[in-house]
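The first residue of the sequence shown is numbered 1, and numbering continues consecutively from there. All ligand and atom numbering here is 1-based and tracks the order in the structure.
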Amino acid sequence: MGKEEEHLPLFETKRAKGIVLYRLFAASVFAGICLILVYRLSHVPKAGADGRFGWIGLLGAEIWFAFYWLLSQASRWNPVYRHTFKDRLSQRYENELPGVDIFVCTADPTIEPPMMVINTVLSVMAYDYPPEKLSVYLSDDGGSEITYCALLEAVEFAKHWIPYCKKYNVEPRSPAAYFVSVPADDAVEDNQAKDFVVIKKLYKDMENKIENAVKLGHISEEVRSKHKGFSQWDTYKSRRDHDTILQIAIDGRDPNAADVEGCGLPTLVYLAREKRPQYHHNFKAGAMNALIRVSANVSNGNVILNVDCDMYSNNSMAIRDALCFLMDEGKGHEVAYVQFPQNFDNLTKNELYSSFRIISEVEMHGSDGYEGPIYIGSGCFHRRDTLCGRKFMKGSKSDMKWEISRKREESGIHELEENSKSLASCTFEQNTEWGKEMGLKYGCPVEDVITGLSIQCRGWKSVYCNPTRKAFLGLAPTTLPHTLVQHKRLSEGSLQILLSKYSPAWYGHGKISLVHQLGYCIVCCWASNCWATLFYSIVPSLYLLKGISLFPQISSPWLIPFAYVIIGKYTWSFVEFLWSGGTILGWWNDQRMWLYKRTSSYLFAFVDTILYFLGYTDSAFAITAKVADEDVSQRYEKEIMEFGASSPMLTILATLALFNLYCFAEFVKEATTGSKGMAQVYETMALQILLCGVLILINIPLYQALYLRKDKGKMPASIAFKSMAFVLVACTCFKFSY
Ligand SMILES: *[C@@H]1O[C@H](CO)[C@@H](O)[C@H](O)[C@H]1NC(C)=O
Ligand SMILES: CC(=O)N[C@H]1CO[C@H](CO)[C@@H](O)[C@@H]1O
């Protein structure tokens with residue numbers, strides 16, 4: 001190895017091309033926005049005149065949109081892209097790679113089926129990494145015997161699966177995803193074919209055993225008697241009341257722990273931390289903190305990766321990608337965590353319920369140009385010591401290199417299990433800094449974001465790693481209600497952050513850059529978007545009904561800024577969407593979800609947050625089901641929107657959709673039969689007609705679900721009835737109110 005080679009960095013950072021052009025464009029849109037506001041302010045109807053209320057409301061909405069648009073520029077101003085050199089990493093550090101502890105968190109065996117959890121566990125056990133340095137921890141907050149049993153089955157299967165993966169270098173290494181990706185048995189090469197048949201049969205056997213246990217709902221005596229670990233459930237009362245259950249299912253440092261080819265296996269640990277009704281368990285943050293302590297005792301890897309139980313590893317080299325950042329000689333010591341995007345395995349082609357595409361492909365790269373991406377709670381590699389509260393010091397080199405912990409060598413496995421258990425007890429954290437300065441923070445439904453923020457506020461940077469081949473794939477919700485509930489939870493949690501003591505506005509003040517603070521605010525202000533959007537989708541249509549114009553006439557020069565901003569903004573959003581890999585119809589679907597999220601999820605999130613701060617409700621952490629019925633999946637694959645059960649959120653969406661349809665129909669009737677000429681109507685009302693028309697077009701799937709569809713996923717009849725009644729009452733009142 002030459003002297004120069006030793007100093008080549010392990011990763012490179014590229015700035016986006018054409019950024020100056022984008023900035024010029026953004027500045028011109030901003031000028032347009034300013035002109036719109038000038039128009040609104042200078043043309044307010046006189047007191048008592050028709051449309052004064054609507055006008056002032058629109059002014060408010062436009063000020064909000066302008067503000068939010070400015071925020072969103074923070075994440076587009078300076079995007080950067082990273083590339084790693086994994087070969088340099090192996091050349092320099094192959095024998096000194098640090099220990100990596102992987103946390104997989106599951107919380108509910110019915111919503112998150114054991115087979116899914118096991119596939120994720122197997123995929124991370126099969127990483128291309130020295131097995132003696134790899135440890136996988138499954139945190140089972142559901143405390144389920146069945147999940148435990150599934151893990152024991154997985155141990156046996158892993159002894160065949162891991163050598164198979166390494167021998168044939170298969171990808172992805174989640175067995176379920178792998179078997180789906182290999183089309184027919186004959187597609188595999190000759191000498192692999194035999195092994196393939198064997199491994200697939202072993203998998204099916206394991207699957208049958210686990211599925212049987214799931215159907216039965218408990219573990220049969222026969223299986224129980226085979227493994228003494230099940231005795232830990234003897235004192236189990238319920239999932240909210242049990243002792244710590246911990247087992248080191250594979251001890252990677254034990255020479256007897258080997259796969260069928262005689263190679264070492266990674267350590268594998270099952271943990272269900274103690275739960276008692278009188279102690280708050282702090283959801284996933286509580287589980288993560290228990291894992292941090294237990295893993296420190298068992299394997300004490302320098303790097304911690306955490307993944308949700310539905311996010312399997314799609315790239316066995318991902319650990320090495322992350323280490324390229326953490327071990328880089330030049331900049332590595334500044335990096336606290338490496339965040340990978342959240343990608344989904346089961347999106348349909350046109351992403352009916354939208355995905356986090358723009359966030360992953362655009363906005364996260366934008367924040368990477370400043371202090372770095374937010375921590376999104378899954379697919380993230382942390383340094384252990386920063387997660388435990390260490391501050392960044394200038395000039396200090398952090399040493400990641402491998403060392404075997406002495407303590408570990410001396411104690412036997414049983415002793416180790418016993419003394420680890422106390423670390424996961426309910427009382428351990430009392431009067432300690434856990435949940436405050438150490439580990440993940442408590443008291444917020446999106447604890448990940450504030451944890452990441454506080455790490456950045458201690459002086460660290462983070463890095464966004466988004467290779468074309470995605471490192472982690474999870475499951476996206478497959479029905480509209482689930483999607484809306486998911487977004488309600490996310491936006492509610494983020495709004496709580498904004499109003500809490502950890503708000504990026506004041507907690508971050510002076511510690512992170514202003515642009516980065518704004519970047520955090522994009523997320524934190526999600527929920528607050530509801531009001532302006534609701535106003536814009538109701539009031540202009542309502543005034544259309546009355547024939548009152550709220551926008552400039554076609555012939556007025558003031559139309560130009562409106563047209564420029566509308567066309568400019570939407571053209572850009574379209575280009576951005578296609579550029580980041582989406583489809584045309586996908587963009588249209590994304591616009592629909594934009595509207596639906598804002599008028600339902602965000603509205604409920606906003607109201608609930610206010611109630612929470614007034615002390616009326618308790619914020620809860622809702623997990624959404626990951627697996628759908630056969631019929632629901634079929635419709636999902638055909639991209640037919642699933643409405644299903646009645647809910648207040650759907651009622652709002654249906655009411656808004658019907659309301660716009662009604663206004664438009666009334667308007668057309670008036671315009672064709674009324675006294676005013678058509679030409680004059682278009683002259684004064686063009687933008688309102690356009691807005692109302694677009695709202696109707698985007699709602700087409702909803703009208704179909706209300707009136708045309710017969711399947712189970714249609715809009716329930718009760719909603720059709722309720723929304724129609726609301727619209728008629730509201731419009732009649734308005735029409736006769738003057
Ligand atoms: C997942 O990995 C496979 C290779 O095993 C690759 O072909 C595929 O594109 C990856 N998926 C995504 C979404 O990147
Ligand atoms: C759990 C779930 O709904 N999985 C679905 C994901 O999407 C694929 C196809 O896109 C379906 O086959 C799965 O059933």
Amino acids contacting ligand 1, non-hydrogen cut-off under 4.0 Å:
E171, P172, N314, T468, R469, K470, L473
From the list Y203, Y178, F196, ring-ring contact (aromatic ring centres under 6.0 Å, His included) partner of W161 resolves to Y178
Exactly one of F325, F103, Y375 clears ring-ring contact (aromatic ring centres under 6.0 Å, His included) with H382, and that residue is Y375
Sub-4.5 Å side-chain heavy-atom contact between R320 and T84
no
Relative to each other, are the rings of W526 and Y602 parallel, tilted or perpendicular (30° and 60° limits)?
parallel
Check: A16 main-chain N/O paired with Y81 side-chain donor or acceptor under 3.5 Å:
no
Does L578 CG have over 12 foreign heavy atoms under 6.0 Å away?
yes
